[in-house]
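Source: prediction; values computed, not measured. Side-chain atoms are counted along with the backbone in the values below, which use heavy atoms only and exclude waters and symmetry mates. Every chain is numbered from 1 and lettered A, B, ... according to where its sequence line falls, protein lines coming before strand lines.
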Amino acid sequence: MIRSRDAGSLRAADAGATVTLAGWVARRRDHGGVIFVDLRDGSGVAQVVFREEVPAAHALRNEFCVAVTGEVRRRPEGNDNPELPTGQIEVIAASLTVLSESAPLPLPVDDHVEAGDDIRLRYRYLDLRRAGPAAALRLRSQANQIARRVLHAHDFVEIETPTLTRSTPEGARDFLVPVRLQPGTWYALPQSPQLFKQLLMVGGMERYYQLARCYRDEDSRADRQPEFTQLDVEMSFVGEDDVMALGEEIVGALWRDLAGHEIPSPLPRITWHEALERYGSDKPDLRFGCELVDLTDYLRGTTFRVFAGAIESGGYVGAVVMPGGAAQSRKELDGWQDWAKARGARGLAYVVLDAETGEARGPVAKNLSAEHLAGLADAAGAKPGDAIFFAADEERRTAQELLGAARLEIGRRTKLIDPDAWMFCWVTDAPMFEKVEGVGAQGDGWTAVHHPFTSPTAEWADRFETAPDQALAYAYDIVCNGNEIGGGSIRIHRGDVQKRVFDLLGISPQEAADKFGFLLEAFTFGPPPHGGIAFGWDRVCMLLTGADSIREVIAFPKTGGGYDPLTGAPTPITGQQRAEAGIDGKPKQAAQAPSAAASAPGPA
RNA sequence: GGUCCUGUGGAGCAGUUGGAGUGCUCGCCGCCCUGUCAAGGCGGAGGUCGCGGGUUCAAGUCCCGUCAGGACCGCCA
């Protein structure tokens, strides 16, 4: 080793020791006759003192990579720096080796300066020399270890699955890879290891996990990248409660060790329908109240057309209260209309309650009857001085989600959200199916909310076809502070049930065989009941580090356009690459699952 | 595909009603400086105001387009 000690590990007890440190010049203070250099390595920072014996120190510049040998000394009286763990000591340099020089920096390596995202990503390796970004990656490493510790304690087996594979049934766009050896054919990068982990259950591995890289070709968000990581888990011979208990154990260990927070056990559970009713979201933020109020019955009979139209068509009118919202200016209240329109709503009706008299005012108030206005505050749970926002739609969920978004915005604007709080819950009993609008000749159909291998609940197993819009699944999401950090389900392991699900989804036996024949075939050989969960590992690490984007916990993230400013990927290819890659080749035969002919789904 | 915000020496920002590339902090270069710790002092270099077009006597500033980054909707568990 070039160094004998880590700079950040030095303490007063080390005084008198001769050490060799190696690291970077974080900062220098050149006084002419004496030069102080903050030497930074992976462990921290220590002050090195250069005097006339080491004149080369004058030439040091920021981020030069150096090795220094010298004696650790207690700092002179009054010169301690209580800000630094190493602030009681300094190293008196006897010799200096410049291991490599640094060009002038394109961005400051300085914890006090926040550079723009593009320049940080372009020079991510310099960004990572800063304490914050470095700590984020180190925390992620610890999170990985904690998860592995918990899972290995339960005899889980870490297994890698292919990334050059077939399309998986998650429903997003695939990234495709051309195959040179079979021109005209393509691998898909996995959107998750879903099918492989189920095959591993058929294979008797019983308990599988993997920190799996997943790929989805959809637009980025602060919490979405085209490639991301899941902690993927699957278990055999279990029910929902078993999977959720394990999930809680993992989350509990993470937050205990990395956030110093003890989560309640068991975590609260809320059904998917209740989450929408109360919070207007399938990933409710429980850090504050302001729950939605269903006013459909209360306002029945109103002549206000916006509400009456929704009610008469069997829809929903609801409200959310903004505490103190009556104090908003007309401009602010108009701003809510723009806010609502920006998310595709026609507007956001509101009533403000006079802070003194409680009288309801605002454009909507004129349209409501005296009786409806008189009881409105009580019905909505509002006080004088509050504002009440309404949403009405013939689709219950549409109106509720608008109110849910308004609720979050209220929480932010009125600072009702405690930034230090951790509020977890499970959202259970998700619907199995969601209606899809008919395309062309096809009428309306159904699509799987989770994926087509998700098991109906026992209650619905025999009759989900009778009311697909109401059928419930053994599917569960774990939510933290309004972020979905994981989700899973119990899978279908019976061929007859799987066939009925495909029938409802409009997937023909031929199509099922083409896409998933290998899985269906596997399920003819005694598949165990099984289920699992996958955590959005980037999001988990983002929350644990307090970052507001998963980019902060990814070593080399991409920009919103899928561009990597560091490597310049993606790039065009040469004509030769194109020819070799087989992109333009014609496949010899239509790609089929190997078992397509043998295993049209039938009773297992 | 859509909406919004941002783009000004290497970094982060300010730039008023349209009136000279003006300013601040840091960095960079040179000189000085023996106890600093986001050291200090003096001097200096460094600019296609993202790019293109338009309005105007005059554009960093107003308008249109475009590119890049960010946030969001659609999309995506």
Side-chain angles (χ1 to χ4, degrees), chain A residues 26-39 45-52 58 61-63 73 75-84 86-87 90 92 102-123 126-127 169-174 191-192 194 214-226 228 230 272 282-283 335 338-345 401-402 405 408-409 427 430 434 448-451 454 475-479 483-489 533-536 539 548-549 551 558-561 563 565:
Chain A
R27 207 177 293 282
R28 67 210 153 78
R29 297 173 289 280
D30 188 341
H31 292 236
V34 62
I35 303 169
F36 301 98
V37 166
D38 292 338
L39 188 146
V45 170
Q47 174 165 286
V48 179
V49 183
F50 294 96
R51 298 188 189 278
E52 276 92 353
H58 286 291
R61 293 294 181 271
N62 281 343
E63 300 307 318
R73 279 203 207 148
R75 289 195 186 188
E77 188 72 29
N79 280 289
D80 287 3
N81 183 349
E83 305 282 310
L84 295 177
T86 59
E90 57 195 8
I92 311 301
S102 171
L105 297 162
L107 79 158
V109 178
D110 185 336
D111 295 338
H112 301 91
V113 180
E114 200 56 46
D117 266 57
D118 38 3
I119 197 80
R120 286 181 57 201
L121 297 192
R122 170 76 180 79
Y123 298 99
L126 294 178
D127 187 44
E170 312 295 317
R173 222 170 281 118
D174 285 320
Q191 296 180 29
S192 77
Q194 182 63 37
C214 307
Y215 306 86
R216 293 181 190 169
D217 186 7
E218 300 291 348
D219 290 2
S220 292
R221 286 286 189 281
D223 61 355
R224 275 173 17 200
Q225 286 260 304
F228 62 99
Q230 286 183 347
W272 186 92
D282 58 2
K283 44 179 180 170
D338 297 334
W339 173 89
K341 282 173 187 152
R343 52 186 53 235
E401 287 183 339
L402 177 63
L408 289 178
E409 193 63 27
V427 176
E434 200 168 24
V449 170
H450 198 67
H451 57 58
T454 303
Y476 32 84
D477 285 346
I478 185 167
V479 174
N483 299 277
E484 185 204 321
I485 58 171
S489 63
I533 186 168
F535 290 93
R539 288 181 191 170
D548 50 18
S549 165
R551 287 188 298 272
K558 293 172 178 55
T559 68
Y563 179 69

Do Arg29(A) and C33(B) share a donor-acceptor pair, side chain to base, under 3.5 Å?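 In this structure, the two groups form no donor-acceptor pair.
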When you look at NZ of Lys283(A), are more than 12 heavy atoms from neighbouring residues, nucleotides or ligands closer to it than 6.0 Å?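 Atom NZ in Lys283(A) is not crowded, with 12 or fewer foreign heavy atoms closer than 6.0 Å.
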Can you confirm whether Asp548(A) is buried at CG, in the sense that more than 12 heavy atoms of other residues, nucleotides or ligands lie under 6.0 Å from that atom? no
Over all strands shown, is [X] touching base, sugar-phosphate only, or nothing at heavy-atom distances under 4.0 angstrom?
X         : result
Arg61(A)  : sugar-phosphate
Asp127(A) : nothing
Asp338(A) : nothing

Assign a letter to each nucleotide of nucleotides 71-77 of chain B from its 5' end: B, base within under 4.0 Å of a protein heavy atom; S, sugar-phosphate only; -, no contact. SSBBBBB
Contact pattern, 5' to 3', of nucleotides 5-13 of chain B - B, S or - by protein heavy atom under 4.0 Å: -----SSS-
Complementary nucleotide for C4(B) - Watson-Crick or wobble, under 3.5 Å: G70(B)
Pair partner, U61(B) [Watson-Crick or wobble, under 3.5 Å]: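 The base-pairing partner of U61(B), which may sit in any strand shown, does not exist here.
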Show each protein N/O and nucleotides 23-25 of chain B N/O combination with a separation under 3.5 Å, one pair to a line.
none

Spacing between Phe50(A) atom CZ and A39(B) atom P, to the nearest angstrom: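 Rounded to whole Å, this separation is 15 Å.
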Rounded distance (Å) that lies between atom C1' of C29(B) and atom CG of Asn62(A): 14 Å
Do we see His31(A) stacking on the base of A39(B), given a limit of 5.5 Å between centres and 30° between planes? yes
Closest-nucleotide 5' rank along RNA chain B - winner of Asp30(A) and Glu52(A):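 Upstream on the strand: Glu52(A).
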Heavy-atom nearest nucleotide on RNA chain B for Asp38(A) versus His58(A): which residue maps closer to 5'? His58(A)
Presence of Arg28(A) side-chain N/O under 4.0 Å of G27(B) phosphate oxygens OP1/OP2: no
Take Glu90(A) and Arg73(A) through the test salt bridge (charged side-chain N to carboxylate O under 4.0 Å, His left out) and record every step on the way to the result. CA-CA 6 Å; Glu90(A) 57 195 8; Arg73(A) 279 203 207 148; over 6 Å; no
Could you check whether Asp219(A) pairs with Arg224(A) (Lys NZ or Arg NE/NH1/NH2 to Asp/Glu carboxylate O, under 4.0 Å)? no
Could you measure between the two C1' atoms, the one in A20(B) and the one in C57(B), and give it in whole Å? 15 Å
Is the distance from the ring center of Phe36(A) to that of His31(A) below 6.0 Å? yes
